[in-house]
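Read through the structure below, which is laid out as structure tokens, and then see the notes.
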Amino acid sequence: MPIRHRLLAVSVAVMWGLNFTAIHASLEHFPPFFLVALRFLVLAIPTVFLVPWPEVPLRWLLGYGLGFGTLQFLFLYWGMAAGMPAGLASLVLQASAPFTVLLGALFLRERLTGQQVLGILIAVGGLTLVASHRAQVAAILPFLLTLAGALGWAIGNICNRQARPRSPLHLTLWVSVVPPLPMLAVSLVVEGPARIGTSLSTALTPEALPALVGLAYTVVFGTVVGTGIWTWLMARHPAGVVAPYSLLVPVAGMLAAWFVLGERVSGPELLGGVIVVVGVLLGSLRRRPRAPVVPSSAAREALAPASS
């Protein structure tokens, strides 16, 4: 992969890492469930009118939208609103990788290699270390909600794999059409019309400016630009070459949360994070099959049976 393409992959990881700090800013003003609906509604309206249909079975589009778009961000935003630090959320969400491998083996009958099993066990060990530390120093519920968001992402990955779109970017944009209605319904029931109305009526005040900037960032850079570059890279290089760059997302996420929000990561959480990243990397890489050894002409003559 050329150096400029590697730099593009790194830039996407940085954009996605900054996404968590942007979400934190938006949650300071908007209620979490309504924010999910708003995030996707901003994309859904132009998508319906301007983006061609991705030509995939409807059931896989709905499954991808409900898993990746609805469940992932419902639990992620809920977890962050309940106290999950932005930097740690960027790490825990990496659990989607081993979840995807397990769901692929369970529902798609994809064969698990010993290396993948070892990677999953290592990642689970790292998450367990982070969870045990969080249970000692803070509420465990935000961690579990973020972990549920990772499972939702994995469900979306399985549906995306089954959809097999001709244009992955078109599918990614059309996924935004799925979450707004269910998330608006959940928001109305749980958060109530009064809270939604207050967040909208005060959205143009100076106090709400960071929330609007955060929302714009998640829509433009976190989704359209980041996903567009990532899709472009995946179309030109093997997945095994591009995918490991996503492991830089929690690094960028934790650094951004430390620099912008002043978040501190404890020793056990940092150690658990390193273990998770190692496990995800080990489980994501596949060994290349060995090329068959073709004997030389002299060797073939020596091995050939003698004629009678």
Side-chain angles (χ1 to χ4, degrees), residues 9 12 16 40 53-76 91-128 144 146-179 182 223 226-227 230-247 249-250 276-290:
V12 174
W16 285 347
F40 285 102
W53 173 256
E55 298 181 6
V56 298
L58 181 60
R59 65 182 181 276
W60 298 125
L61 172 65
L62 293 175
Y64 188 21
L66 290 173
F68 173 81
T70 307
L71 294 178
Q72 177 189 188
F73 292 105
L74 183 154
F75 288 113
L76 173 63
L91 167 66
V92 174
L93 211 62
Q94 293 298 310
S96 64
F99 279 148
T100 300
V101 173
L102 289 174
L103 291 179
L106 185 62
F107 293 105
L108 304 182
R109 301 186 180 277
E110 295 180 348
R111 181 175 173 271
L112 283 178
T113 65
Q115 179 176 306
Q116 287 177 312
V117 172
L118 178 61
I120 290 171
L121 292 176
I122 291 174
V124 169
L127 288 170
T128 302
L144 295 177
T146 307
L147 197 61
L151 179 59
W153 186 1
I155 293 171
N157 285 339
I158 297 300
C159 295
N160 182 19
R161 189 175 301 172
Q162 291 296 94
R164 297 181 177 88
R166 292 182 180 179
S167 173
L169 183 57
H170 288 173
L171 176 61
T172 300
L173 292 173
W174 269 90
V175 161
S176 65
V177 178
V178 179
T223 303
T227 303
W230 192 260
T231 301
W232 185 84
L233 290 172
M234 292 286 279
R236 285 160 177 78
H237 302 285
V241 174
V242 180
Y245 282 89
S246 67
L247 297 177
V249 172
V276 170
V277 170
V278 170
V280 170
L281 179 60
L282 186 63
S284 301
L285 296 179
R286 290 180 177 268
R287 290 182 178 178
R288 293 182 179 179
R290 292 182 178 179

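This chain uses plain numbering: 1 for the first residue, then up along the sequence. Reckoned from all heavy atoms, side chains included, excluding hydrogens, waters and symmetry mates.
Contact of the W232 side chain with the T227 side chain is not registered, since no non-hydrogen atoms from C-beta on lie closer than 4.5 Å. A 4.5 Å side-chain heavy-atom check between V56 and H170 finds every atom pair outside the cut-off. Under the 4.5 Å side-chain criterion, counting only non-hydrogen atoms from C-beta, Q72 is in contact with L93. Counting heavy atoms from C-beta outward, N160 and P168 have side chains that stay 4.5 Å or more apart.
The CH2 atom of W153 sits 14.5 Å away from the CG atom of L71 when rounded to the nearest 0.5 Å. Interatomic distance, CG of L103 versus CZ of R161, reported as 9.5 Å (0.5 Å rounding). A distance of 6.0 Å separates CG of L147 from CG of L127, quoted to the nearest 0.5 Å.
Under a 3.5 Å cut-off, the side chain of T70 and the backbone N or O of G67 do not form any donor-acceptor pair. Judged by distance alone, with hydrogens and angles left aside, the side-chain atoms of T146 form no donor-acceptor pair with the main-chain N or O of F75 at under 3.5 Å.
Ring geometry for W230 against W16 counts as tilted: the plane angle lies between 30° and 60°, on a 0 to 90° scale.
Between F68 and V175, the shortest heavy-atom distance links the atoms CD2-CG1, 4.1 Å. Scanning both residues, A123 and P98, for their nearest heavy atoms gives CB-CG, 4.2 Å. Shown here for L58 and W53, the closest heavy-atom pair between the two residues is CD1-CH2, 4.0 Å. The two residues A154 and S96 have their closest heavy-atom pair at CB-O, 3.7 Å.
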Please determine whether side-chain contact (heavy atoms from CB on, under 4.5 Å) holds for the pair Q94 and V277, giving the CA-CA distance in whole Å, both sets of side-chain angles, and the decisive distance to 0.1 Å.
CA-CA 8 Å; Q94 293 298 310; V277 170; 5.7 Å; no
Verdict with reasoning, F40 to F73, per side-chain contact (heavy atoms from CB on, under 4.5 Å)
CA-CA 10 Å; F40 285 102; F73 292 105; 3.6 Å; yes
side-chain contact (heavy atoms from CB on, under 4.5 Å) evaluation trace for L66 with V178
CA-CA 7 Å; L66 290 173; V178 179; 3.9 Å; yes
side-chain contact (heavy atoms from CB on, under 4.5 Å) between L171 and Y64: does it pass, once the steps are laid out?
CA-CA 9 Å; L171 176 61; Y64 188 21; 3.8 Å; yes
